[in-house]
Structure formats: C-alpha cells, structure tokens
Amino acid sequence: AKDAGRDQVCFFDPAMQTEVVARAMLLRDLRQALENHEFCLFYQPVVDGQQRILGVEALIRWQHPQRGMVSPATFIPLAEDSGLILPIGQWVLETACRQLVSWAQDPERAHWHIAVNVSARQLNQVEFVDQVTAVIDATGAPAARLRMELTESMLQDNLPRTIGKMRTLRQMGIRFSLDDFGTGYSSLSYLKRLPLDQLKIDKSFIDHILTDANDAAIAGTIVALGRTLGLGVVAEGVETVEQMRFLVDSGCEVFQGYLFGRPVEAAALGRSRESLATS
Ligand code: C2E
Ligand code: CA
Ligand code: CA
Ligand code: CA
C-alpha cells in the first residue's frame with residue numbers, strides 16, 4: 001500500500017510537489033529512526049603535527065532501511081526544523097559519553113576527547129545544562145574528555161544566557177570549539193567574550209589553500225587570531241600532504257581530514273593508517 005501511495009504522488013508530479021512529498025516521507029521515517037536504532041556514531045580522528053590521535057569528532061550516521069546511508073547534511077536540517085534534533089542530540093551525547101567510558105579503560109585511548117556537534121535548538125533549551133549534567137552523571141563519562149562544537153550563527157541570540165551555560169559546562173571540564181569558523185560573522189570583541197577553547201577553520205578555506213591567496217591569508221589570519229585570543233586552532237577537511245605542510249608553516253598544530261582518516265566506527269579507529277597511502 002505504501003508503494004501504491006508513492007506511485008500516485010509521482011503520477012501528479014510537478015517537481016516541486018515531489019520535493020515536498022519526499023521531505024514529508026523522510027520526516028516520517030526520521031520520527032521512527034531513534035526507536036528503530038537506525039542511527040550510529042562514526043568518529044573521525046583529530047591529530048597533532050606528528051599525526052598522533054588527540055581525539056575524535058563524533059558524526060552521526062543514519063542507516064535507512066530502504067535508502068541506505070542518508071547524509072546528515074540531508075536529515076539534520078529536517079531534524080532541526082521538526083524539533084527531532086532534541087531527542088537525536090540527546091542520543092548523540094549519551095552514545096559519545098558511553099564511548100568515552102569504554103575508552104577510559106584502554107590506555108591507548110583514555111586521553112582521547114570526543115567532540116559532539118550541538119545544534120542551536122539544543123543549546124537554547126533552558127534545561128540544556130541540566131540534561132548534559134544528567135548524562136555525565138548517569139554514564140560516569142569523564143567530562144574533561146567531552147567537547148562541544150558550536151557555530152557562530154547559533155551564538156547570536158541571548159548571548160549572555162549562552163555564555164552562562166558555557167561557563168557552567170566549562171567548570172565541569174567540558175571544552176568548546178567554534179565550528180566552521182570564518183564562514184559567519186564574528187567581531188573580535190564578540191569572540192573575546194565567548195568562553196571558547198578552540199577555533200575550527202572551515203574546510204572551504206582549506207580546499208583552495210594552495211591556489212587561492214585569499215583563502216591562504218584567511219587560514220593564516222585565523223591561526224594568528226587563535227594565538228592572540230589564547231585559543232587552539234584546528235584545520236578541518238585536510239586532504240593532502242601539501243595542505244598539511246602549508247598549514248604547519250602557517251602555525252597550525254591540530255588537523256582533521258581524510259588525509260588522517262575518514263569518519264569510521266569506533267572499532268576501526270587507529271587501524272586505518274594504510275588509508276594514508278591509498279586515499
Ligand atoms: P561538520 O560539523 O562541519 O563536520 C565535518 C564534515 O566534513 C563531516 O561531514 C565530515 O565527514 C566531513 N569531512 C571531514 N574531513 C573531510 C575531508 O578531508 N574531506 C571531505 N570532503 N569531507 C571531510 P558529515 O559527517 O557528512 O557531516 C555533515 C554535517 O552534519 C556536519 O558538518 C555537522 O554540521 C552535521 N552533523 C553531523 N553529525 C551531527 C550530530 O551528531 N549533530 C548535529 N547537530 N549535527 C551533526
Ligand atoms: Ca563539526
Ligand atoms: Ca566543521
Ligand atoms: Ca564544515
């Protein structure tokens with residue numbers, strides 16, 4: 001019956017309507033995805049200049065029963081619009097915390113951090129700090145190993161309240177990174193007010209760092225800015241040795257990208273050195 005409904009819709013077609021219907025169907029499936037255990041977390045290594053793993057970024061994956069892997073770039077905006085990002089974000093946090101607990105037993109991984117992406121809807125919840133505290137307490141995760149990635153745009157409204165939440169979480173040991181840095185607008189004075197630990201240079205600047213003088217200058221400026229403000233800087237989306245060398249020469253000390261490892265299941269982390277040669 002489901003397929004018949006689908007055919008009918010296609011019959012009336014106009015492309016626009018198809019698009020709207022496709023979104024509605026994806027949203028219907030997204031509502032079921034949590035209870036059907038269709039999500040998992042992949043982890044991408046974050047490395048130092050010697051390519052030693054410092055930690056990982058947790059990136060959600062949705063294994064749809066019919067469509068296969070659906071990209072977070074497709075379903076996260078849908079989850080944000082619908083409010084589903086709240087239970088999904090909670091699941092991400094719990095899963096990452098449980099992973100930290102299991103790594104705490106492993107001398108090779110006990111020092112790794114996990115960075116989770118936090119959406120505006122989550123951060124803006126009045127209960128956000130309480131919920132994070134509850135997850136840390138319930139799992140017994142080492143809070144000092146947990147990072148949160150925020151973006152500039154989500155820090156626009158009610159800045160004092162957001163800063164208050166960040167301060168409370170930082171007192172617990174949680175660290176904050178400003179993701180996709182350089183793509184939004186931030187004044188220097190505004191950056192100084194935020195209790196941040198790290199800036200992440202957006203991949204879009206790294207992509208053309210060797211050929212576009214503007215992008216190279218922006219990346220270099222962000223590294224210098226981080227130094228001035230006492231913040232760490234990580235370059236994301238590093239794919240080639242040449243990009244890495246350029247970034248090292250610019251003073252960047254932390255890196256993330258396919259060159260060092262793609263996002264993989266936890267069990268596959270650190271076992272993929274050969275991908276350096278093949279990718
Ligand atoms: P992001 O936070 O900017 O994450 C980095 C994205 O760049 C990831 O895409 C990662 O797989 C990709 N990437 C990393 N290194 C390279 C590289 O060297 N080359 C290329 N081509 N790509 C690279 P992904 O996993 O598809 O995630 C897309 C976006 O979805 C993320 O962008 C983030 O905004 C969002 N997202 C992912 N997981 C979560 C989550 O758990 N919660 C929330 N709220 N958003 C999430
Ligand atoms: Ca991120
Ligand atoms: Ca990013
Ligand atoms: Ca990005």
Side-chain angles (χ1 to χ4, degrees), residues 30 33-34 38-47 51 53 55-63 68-97 99 113-125 128 132 135 146-154 175-184 196-210 219 222 233-244 247 254-266 268-269 272 275-276 278-279:
L30 195 57
L34 259 185
E38 290 164 11
F39 293 119
C40 74
L41 286 187
F42 273 21
Y43 299 93
Q44 184 177 33
V46 173
V47 304
Q51 306 197 7
I53 298 181
V56 298
E57 177 175 3
L59 294 157
I60 193 169
R61 296 291 178 261
W62 180 15
Q63 183 67 51
M69 279 294 197
V70 183
S71 165
T74 304
F75 74 83
I76 290 290
L78 207 56
E80 285 173 339
D81 292 348
S82 61
L84 285 171
I85 194 66
L86 296 178
I88 293 173
Q90 180 83 6
W91 177 86
V92 169
L93 188 64
E94 283 168 12
T95 306
C97 282
Q99 190 60 252
H113 68 258
I114 296 183
V116 296
N117 292 283
V118 174
S119 286
R121 290 278 288 258
Q122 291 175 269
L123 185 68
N124 290 337
Q125 275 190 300
F128 182 66
V132 174
V135 171
L146 186 62
R147 282 173 185 266
M148 295 187 171
E149 298 197 356
L150 314 177
T151 58
E152 291 167 81
S153 62
M154 62 197 274
R175 294 289 167 255
F176 288 93
S177 303
L178 196 52
D179 203 0
D180 301 341
F181 188 67
T183 59
L196 290 168
D197 301 280
Q198 187 181 59
L199 303 175
K200 291 191 86 169
I201 309 174
D202 191 63
K203 177 180 180 301
S204 60
F205 300 112
I206 308 301
D207 285 343
H208 309 292
I209 202 169
L210 298 173
I222 294 175
V233 175
V234 46
E236 76 173 9
V238 180
E239 294 183 345
T240 69
V241 174
E242 290 73 21
Q243 288 172 337
M244 161 123 184
L247 285 159
V254 184
F255 313 88
Q256 181 180 348
Y258 290 177
L259 178 63
F260 318 103
R262 290 175 184 252
V264 290
E265 285 171 78
L269 273 170
S272 54
S275 69
L276 268 180
T278 52
S279 65

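Order of listing sets the numbers, starting from 1, for every ligand and every atom in it.
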Is the distance between the Ca ion (ligand 2) and the nearest N/O/S atom of Asn117 smaller than 3.0 Å?
-> yes
Dump the intermediate steps for side-chain contact (heavy atoms from CB on, under 4.5 Å) on Val264 and Leu269, then the final yes or no.
-> CA-CA 7 Å; Val264 290; Leu269 273 170; 4.0 Å; yes
Which of the N/O/S atoms in Asp180 sits closest to the Ca ion (ligand 3)?
-> OD1
Side-chain donor/acceptor of Ser119 to backbone N/O of Arg121, under 3.5 Å = no
With heavy atoms only and a cut-off of under 4.0 Å, state how Gln256 meets ligand 1: side chain, backbone, both or neither.
-> neither
Matching residue for Pro263 among Leu41, Leu59, Val56, Ile60 - test: side-chain contact (heavy atoms from CB on, under 4.5 Å) = Leu59
Of all the atoms in ligand 1, which lie at a distance below 4.0 Å from a heavy atom belonging to Glu236?
-> 3 (O)
Ile209 and Ala219 have their tightest heavy-atom pair at CD1-CB, 3.7 Å
Are any side-chain N or O atoms of Asp197 and backbone N or O atoms of Phe176, one a donor and one an acceptor, separated by less than 3.5 Å?
-> yes
Measure from the side-chain N and O atoms of Thr240 to the backbone N and O of Gln243, and report whether any donor-acceptor pair falls under 3.5 Å.
-> yes
Do any nitrogen or oxygen atoms of Ile60 come within less than 3.5 Å of a nitrogen or oxygen of ligand 1?
-> yes
Check ligand 1 against Glu57 and write out every atom of the ligand that is under 4.0 Å from a heavy-atom position of the residue.
-> 2 (O), 4 (O)
Determine whether the side chain, the backbone, both or neither of Ile88 has a heavy atom under 4.0 Å from any heavy atom of ligand 1.
-> neither
Identify, by atom number and element, the atoms of ligand 1 in contact range of Gln44, meaning under 4.0 Å from any of its heavy atoms.
-> 14 (C), 15 (N)
Contact summary for Leu146 and Cys97, nearest pair of heavy atoms | CD2-SG, 4.3 Å
Atom of Glu236 nearest the Ca ion (ligand 3) (restricted to N/O/S, atom name only) | OE1
Distance filter under 4.0 Å to Ser119 heavy atoms, resulting ligand 1 atoms | 44 (N)
Nearest to the Ca ion (ligand 2) - the N/O/S atom of Glu149, by atom name = OE1
Shortest non-hydrogen separation from Trp91 to Cys40 and the atoms involved | CH2-CA, 3.5 Å
Where ligand 1 meets Asp180 - atom numbers and elements under 4.0 angstrom, heavy-atom basis | 3 (O)
Which atoms from ligand 1 have a heavy atom of Gly257 less than 4.0 Å away?
-> 15 (N), 18 (O)
Counting from 1, what ligand 1 atoms have a heavy atom of Val92 closer than 4.0 Å?
-> 41 (O)
Taking Glu236 for its side chain and Lys203 for its backbone only, find out whether a donor-acceptor pair lies under 3.5 Å.
-> yes
Relative to the ring of Phe255, is the ring of Phe260 parallel (under 30°), tilted (30 to 60°) or perpendicular (over 60°)?
-> tilted
Just jot down the ligand 1 atoms closer than 4.0 angstrom to any heavy atom of Pro72, in number order.
-> 24 (P), 25 (O), 26 (O), 27 (O), 28 (C), 30 (O), 37 (C)
Looking at Asp179, which of its N, O or S atoms is the nearest one to the Ca ion (ligand 3)?
-> OD1
Under 4.0 Å, heavy atoms only, figure out whether ligand 1 is touched by the backbone of Leu59, its side chain, both or neither.
-> both
Who's closest to atom 33 (C) of ligand 1 heavy-atom-wise, of Asn117, Leu41, Val118?
-> Asn117
Is the distance from the Ca ion (ligand 3) to the nearest N/O/S atom of Glu57 under 3.0 Å?
-> no
Are any side-chain N or O atoms of Arg147 and backbone N or O atoms of Arg175, one a donor and one an acceptor, separated by less than 3.5 Å?
-> no
Whether Gln44 side chain and Gly261 backbone form a donor-acceptor pair below 3.5 Å = yes
Sub-3.5 Å N/O-N/O distance, Glu80 and ligand 1 = no
Should Met148 and Leu123 be marked as a side-chain contact (heavy atoms from CB on, under 4.5 Å) after you check the CA-CA gap, both sets of side-chain angles, and the distance that decides it?
-> CA-CA 10 Å; Met148 295 187 171; Leu123 185 68; over 6 Å; no
Check each heavy atom of Arg262 against ligand 1 and say whether those closer than 4.0 Å belong to the side chain, the backbone, both or neither.
-> neither
